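What follows is a set of notes on a single structure, which appears directly below.
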Amino acid sequence: MPVRQMRESSEQHLVIKPHLQNPMNGAKKVPRAVQNGKGPPPPLPQEPHNQTSPHARNKGRRRSRGGRKCDQVDVLMRPIVTSGVENGSTMCGEIEMGYPTSSKSLSFAPRPGFGQVGTKCIVKANHFFAELPDKDLNQYDVSITPEVSSKAVNRSIIAELVRLYKESDLGMRLPAYDGRKSLYTAGPLPFSWREFKIKVVDDEDGVNGPKREREYRVVIKFVARANLHHLGQFLAGKRADAPQEALQILDIVLRELSSKRFCPIGRSFFSPDIRTPQRLGEGLESWCGFYQSIRPTQMGLSLNIDMASAAFIEPLPVVEYVGQLLGKDILSRQLSDADRIKIKKALRGVKVEVTHRGSVRRKYRVSGLTSQPTRELVFPVDENSTMKSVVEYFQEMYGFTIKYTHLPCLQVGNQKKANYLPMEACKIVEGQRYTKRLNEKQITALLKVTCQRPRDRESDILRTIQHNAYDQDPYAKEFGIKISEKLASVEARILPAPWLKYHESGKEKNCLPQVGQWNMMNKKMINGMTVSRWACINFSRSVQDTVALSFCTELAQMCQVSGMEFNPEPVIPIYNAKPEHVEKALKHVYHVSSNKTKGKELELLLAILPDNNGSLYGDLKRICETDLGLISQCCLTKHVFKITKQYLANVSLKINVKMGGRNTVLVDAVSCRIPLVSDIPTIIFGADVTHPENGEDSSPSIAAVVASQDWPEVTKYAGLVCAQAHRQELIQDLYKMWHDPVRGLVSGGMIRDLLISFRKATGQKPLRIIFYRDGVSEGQFYQVLLYELDAIRKACASLEPNYQPPVTFIVVQKRHHTRLFANNHRDRNSTDKSGNILPGTVVDSKICHPTEFDFYLCSHAGIQGTSRPAHYHVLWDENNFTADGIQSLTNNLCYTYARCTRSVSVVPPAYYAHLAAFRARFYMEPDMQENGSSGGGGGGGGSKATRGGGECGVVKPLPALKENVKRVMFYC
């Protein structure tokens, strides 16, 4: 093979408030109104609240875990300069909020009881009971020399060791191995330390030809014995701390056999044999597989099994793969520079095997692509720099004639020493997951594969559990683990839908949704806004002026019918522009409109976009929201040509909330009958962090926080965004302090700004905080709660001495694998039209946590596929919510989502935060998006150097949102 020589945290103290004698504690149970479907329930009198300390439950937990009594905890209550951050203000010597150093004094909210509200029913869950083994679980450290980075190679080394020494040195034990540093056995090995010499054949060298043999030194050393008694007590609810070591061992044991039979990716296993792979286009195909995880639940140990699909690179000859990737014939055409870049991006890091050496099929990882075609490539063959062409080398060395010499060569190896491989001499190795972003066609094709009706998904899950045959699994047998093959039957309840209030001028003043849906017929928005000055820009060449004007006229009429006051005439005629001139067009329309209205600002911009508009949408939003301060509504060409009333009605809903209006509110909210919300001013937060896609190594993560700005309605949400360190999950800008040269110590941050905004909007300060946090995995619960609860505390204390409203902190999870199925799929009364469980179905027993306060809620009606319930985990609760209280509140809020007349699957504040974070990625400058430069900042006005991942790095601020944009739901 030709070779070319190439050039060469700071510590933080958790602030916990003392007992505050505030009349804002858990309300007594409010009787549920009878809903007969003919009208909203009559108002209920408010019951007096008990005088229990708002966080007595948490106080007891802190004591039980060794924490100090609450009155001894240090409290940050000094008044701080309350000036907010001004755009462009100089910040120096900013005080960082570092990472908490300990979680020992913190425990999660215990379950206060089980919910009783709703119609009881039985559902099935994809959880399978796992009998707790009665054998000792032992952990051993494994050291392999020379060190190996591949889990597969590590596994082959240990498999050979077990084959050779199981009956002798290992004392007939069959160990389970995690592929890295840990080995587990059921019962002790005959030694506490031993060294082995293991020879392993290099499988990558050939099929039938000669193979190289490598020797490894393996040292096995006893580490610890897992406490199964502790696990048993935890599952029985007698201990609050989960024995993670024992759970991890059992999980690895049950994964051992599948790791050898299938392609393991994370917690899932894939194989082309489970179901025939389906082509996704551009050289990709979908593989089916299954997810598997052992979980502690109220019913004991549970094995969670779910179906999974993922995109894999087709194991094609590289020439054929490149042809599919580019979508054209490459065998007779020259490649353009753009083609080369696309090929290089797609193949970098991909493993290929050579096909020109007969039975020898060595594998290499692609590191690059040559800039020259193969026919022009030469390299030195000796120390005298005698040059030889790649074409000659392959002919003389292997008798292989390169046909397509106009194609570039693959580069494999490291930067100092790169090898050339002709494309036609390589084939892509099977079983490589595609981790980059899929295009729209590929996503559509993958969704077709993954989208299964509930009955079909349930059947596939049962087939998987039977096919895996855990009763015959030698590792499960060795460790004494028995798995049921029946889906868990779980008691559930269907919560009633809330009554919704619309404007008194409509024919229907109140509405009771049916199966999670309703419509705007005969209804008017509760707070319809006025749009007097608007304009339209048409970026679509295929849309004629008359068509665009007709569309705008119909949209204006729909807005009027829905309850808004909407001027039927634009300020200026519809303006046509090319997508590449977006900034020029926006500024032109903005200034011409201002001149025509004698300085009055444009209130709304309508934009007609091509269906495939590339970066146009993002550029338009960035310019409008961070430069011009324009509220915009984009419409695709396909909807302009095919106008439907449903589409116009949905767009009108979005326009109204963007203008600062409300579409509907809960009847219970305006009647002040929501427990622990209606009694005192309550603010509801939603927070989320979105991370860059795989492959982007330095792009910033985007955090967003929204907060309700109306009380008691809790329907309107203002939002702030900031960029922070790459892959940083903790929201850095919740609260911050810095030294200003003029004002001294100044405090700010998103929580503080939104609390101030709430007071300005309502005239009252929040006396209760409910915080829905999206996007947190179980392994991050402690860290996120410690850091972000502390930030909330400090933000409150910075506004006013002794201002510490009680906080309820709830994590919202959608990326889990629990699925709920109707007990009888033929019973039409227990399913919606899609065959899914009914909206409002809540589960808080059996498959939920043994002691902590969590529940599954399917708040939406399914459209296609199998509905995924949201998992809510109450980590901290100083408001003393009952199970019914938080479950009903969460379910009812799901009916207040502004963009449609359906209940949604995730509580709206968390949903809005996700939308805002997604929107903010468009605010990054184009060079930041392309080059992946680190960025950061606050949508509320400027940011700073921030610390992420334990390392200090400067984070470039996002451009600040304009004030009029921040106040409304711009992200809808």
Side-chain angles (χ1 to χ4, degrees), residues 126 128 150-156 159 176-177 179 203-204 206-208 251-294 303-318 320-321 324 350-353 355 359 361 363 427-435 438 442-443 445-453 455-477 483 485 487 817 819 865-866:
N126 58 338
F128 299 86
S150 167
K151 273 190 173 184
V153 175
N154 281 339
R155 288 184 184 281
S156 66
Y177 177 51
D203 288 333
E204 298 189 356
V207 178
N208 299 313
D251 197 50
I252 289 168
V253 169
L254 289 174
R255 294 171 59 81
E256 185 72 25
L257 186 61
S258 293
S259 295
K260 297 177 179 179
R261 294 169 58 186
F262 305 109
C263 175
I265 305 287
R267 288 187 171 274
S268 297
F269 301 93
F270 297 92
S271 170
D273 301 325
I274 293 177
R275 195 184 300 165
T276 304
Q278 300 293 311
R279 284 196 164 182
L280 303 177
E282 296 189 12
L284 303 184
E285 63 183 9
S286 68
W287 281 21
C288 287
F290 62 93
Y291 168 92
Q292 173 182 300
S293 176
I294 197 88
L303 187 65
N304 182 202
I305 298 283
D306 191 24
M307 305 314 297
S309 292
F312 281 74
I313 303 171
E314 279 195 71
L316 299 170
V318 170
E320 187 179 338
Y321 170 81
Q324 284 196 26
V350 173
K351 192 178 282 188
V352 297
E353 61 182 7
T355 58
S359 62
R361 305 295 287 266
K363 296 180 176 67
K427 180 178 182 290
I428 291 172
V429 175
E430 186 180 59
Q432 297 182 80
R433 187 183 178 189
Y434 184 77
T435 58
L438 300 176
Q442 291 167 336
I443 291 172
L446 185 60
L447 286 175
K448 284 183 179 178
V449 177
T450 59
C451 186
Q452 286 183 293
R453 289 185 175 276
R455 182 182 298 187
D456 298 332
R457 193 182 197 99
E458 181 185 328
S459 298
D460 279 358
I461 289 169
L462 287 170
R463 271 194 294 270
T464 298
I465 198 93
Q466 290 162 6
H467 181 264
N468 288 350
Y470 295 100
D471 59 333
Q472 301 299 318
D473 183 336
Y475 296 94
K477 280 185 174 181
I483 306 295
E485 293 192 351
L487 290 160
H817 287 270
R819 299 293 182 272
T866 304

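Here the structure is a predicted model, which means the values were calculated and not measured.
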Leu303 side chain reached by Gln292 side chain, heavy atoms, under 4.5 Å: yes

Side chain to side chain contact (heavy atoms under 4.5 Å, CB included) assessment of Ile265 paired with Phe270: CA-CA 7 Å; Ile265 305 287; Phe270 297 92; 3.8 Å; yes

For Asp456, check side chain to side chain contact (heavy atoms under 4.5 Å, CB included) against everything at least two apart and list the hits. Gln452, Arg453

Would you please name every residue forming a side chain to side chain contact (heavy atoms under 4.5 Å, CB included) with Lys448, sequence neighbours left out? Thr444

Applying side chain to side chain contact (heavy atoms under 4.5 Å, CB included) to Thr464 and not counting sequence neighbours gives Phe290, Ile305, Met307, Asn468

For Tyr291, is there any backbone N or O sitting under 3.5 Å from a side-chain donor or acceptor partner on Asp306? no

Ignoring hydrogens and geometry beyond distance, is a side-chain donor-acceptor pair present between Tyr470 and Lys477 at under 3.5 Å? no

Charged N-O contact under 4.0 Å between Arg457 and Asp460: no

Check for a donor-acceptor pair, side chain of Glu256 on one end and backbone N or O of Tyr177 on the other, with a separation under 3.5 Å. yes

Whether Lys427 side chain and Val352 backbone form a donor-acceptor pair below 3.5 Å: no

I need the Leu438 CG to Leu280 CG distance, nearest 0.5 Å. 7.0 Å

Angle between ring planes, Phe269 versus Phe262, binned at 30° and 60°: parallel, tilted or perpendicular? tilted

Salt bridge check: are Glu285 and Arg279 linked by an N-O gap of less than 4.0 Å? no

Should Ile461 and Phe128 be marked as a side chain to side chain contact (heavy atoms under 4.5 Å, CB included) after you check the CA-CA gap, both sets of side-chain angles, and the distance that decides it? CA-CA 11 Å; Ile461 289 169; Phe128 299 86; 3.8 Å; yes

Could you tell me whether a side-chain N or O of Asp251 sits under 3.5 Å from a main-chain N or O of Ser293, the two making a donor and an acceptor? no

